[in-house]
Each structure stands twice: as structure tokens, then as C-alpha cells.
Amino acid sequence: MSFGDRLAALPLGTFRGHAHGRDWIVTRSLVSGGRGEKLVAEALDGSDSISLNLYRLTSGELLKPCEMSDAKVRAFVAALTVLS
């Protein structure tokens, strides 16, 4: 499953999730007329945050993490389990 498929499988709106031993509050929304997605997550213990945009272009997916590495956001999305 591609990164974009994993991201698209997450619910739109705000939900609780679990990843890397912590609980998170996560918001996933559509941007650019639905051609892109934004994900913002905050660890409930205040220890970390995740922010990214993914654009679906004719040439393929373009991942734009916000001030963090691609590896960090990819690992987070891969590990994220939806709680509610």
C-alpha cells in the first residue's frame, strides 16, 4: 500500500489515534479542490507533532512535510491506528 493510499484510508476530520507508544489527536482534511490532503497531529502528552501536505499530481504524489523529514511523517502514517 502506498503512502497516499494509507493517508486516504484515514478518516476525514478530527479523530484520536495511537502511534509510536503515544495517543494523538489527528486532523485530516482535503485541500486544493480535493487534489491534496493535509494532516496535522499532536501527541496528547505534548511531546511531538506531525504536519504534512500530500498533493496528487498527474506526475504522481508530492509529499510536503512541514519542517520535518519525509521519513518522520511516513513512519507516523504507517504506524497510526485510529482509536475514535
Side-chain angles (χ1 to χ4, degrees):
M1 180 180 286
S2 75
F3 177 82
D5 291 340
R6 288 184 190 274
L7 189 61
L10 297 172
L12 286 172
T14 301
F15 59 93
R16 286 184 60 149
H18 186 82
H20 304 300
R22 292 174 281 192
D23 287 340
W24 298 75
I25 190 78
V26 182
T27 301
R28 180 178 157 255
S29 55
L30 300 179
V31 297
S32 299
R35 293 185 312 269
E37 299 174 54
K38 180 174 188 67
L39 184 126
V40 177
E42 295 284 337
L44 292 180
D45 65 5
S47 64
D48 204 358
S49 64
I50 299 289
S51 182
L52 67 94
N53 291 290
L54 179 75
Y55 299 99
R56 297 176 191 284
L57 308 173
T58 54
S59 59
E61 296 175 348
L62 176 62
L63 176 61
K64 292 292 205 170
C66 302
E67 300 184 18
M68 60 195 62
S69 71
D70 281 15
K72 180 176 180 174
V73 298
R74 287 179 186 280
F76 176 80
V77 170
L80 183 61
T81 301
V82 177
L83 299 177
S84 63

Check your understanding: Honestly curious: do V31 and L62 fall in one hydrophobic cluster under the side-chain, below-4.5 Å linking rule?
Key -> yes
**Study point:** Donor-acceptor under 3.5 Å (R28 side chain, L7 main chain)
**Key:** yes
Point to revise | Separation between CZ of R6 and CZ of F76, rounded to the nearest 0.5 Å | key: 13.0 Å
Practice item. Rounded to the nearest 0.5 Å, what's the gap from CD on E37 to CG on L12? Could you check? Key: 7.5 Å
Revision key, fill the gap. Minimal heavy-atom distance between S47 and D45, with the atoms involved, is OG-OD1, 2.6 Å
Check your understanding: In the single-linkage hydrophobic clustering (I, L, V, M, F, W, Y; side-chain heavy atoms under 4.5 Å), do Y55 and I50 co-cluster?
Key -> no
Practice item. State the CG-CD distance between D48 and E42, to the nearest 0.5 angstrom. Key: 8.5 Å
Check your understanding: In the single-linkage hydrophobic clustering (I, L, V, M, F, W, Y; side-chain heavy atoms under 4.5 Å), do V40 and L80 co-cluster?
Key -> no
Review point. When clusters are formed by joining ILVMFWY residues with side-chain heavy atoms under 4.5 Å apart, either directly or through shared neighbours, do L52 and M68 land in the same one?
Key: yes
Exercise for review: With the side chain counted from C-beta on, respond yes when R74 and L63 share a heavy-atom pair under 4.5 Å apart, and no when they do not.
Suggested key: yes
Check your understanding: Linking I/L/V/M/F/W/Y whenever any side-chain heavy atoms sit under 4.5 Å apart, do I25 and V82 land together?
Key -> no
Check your understanding: Going through the distances and angles, do L39 and L10 end up as a side-chain contact (heavy atoms from CB on, under 4.5 Å)?
Key -> CA-CA 10 Å; L39 184 126; L10 297 172; 3.8 Å; yes
Check your understanding: So do the side chains of K72 and P65 get within less than 4.5 Å of each other, counting heavy atoms only?
Key -> no
Exercise for review: Determine the minimum heavy-atom distance between E61 and G4, stating which atoms define it.
Suggested key: OE2-CA, 3.2 Å
Practice item. Grab the two heavy atoms, one from K38 and one from S51, that are nearest each other, plus how far apart they are. Key: NZ-OG, 4.1 Å
Check your understanding: Taking atom CZ of R16 and atom CH2 of W24, what is their separation to the nearest 0.5 Å?
Key -> 13.0 Å
Review point. Does the side chain of L83 reach to within under 4.5 Å of the side chain of D23, using non-hydrogen atoms?
Key: yes
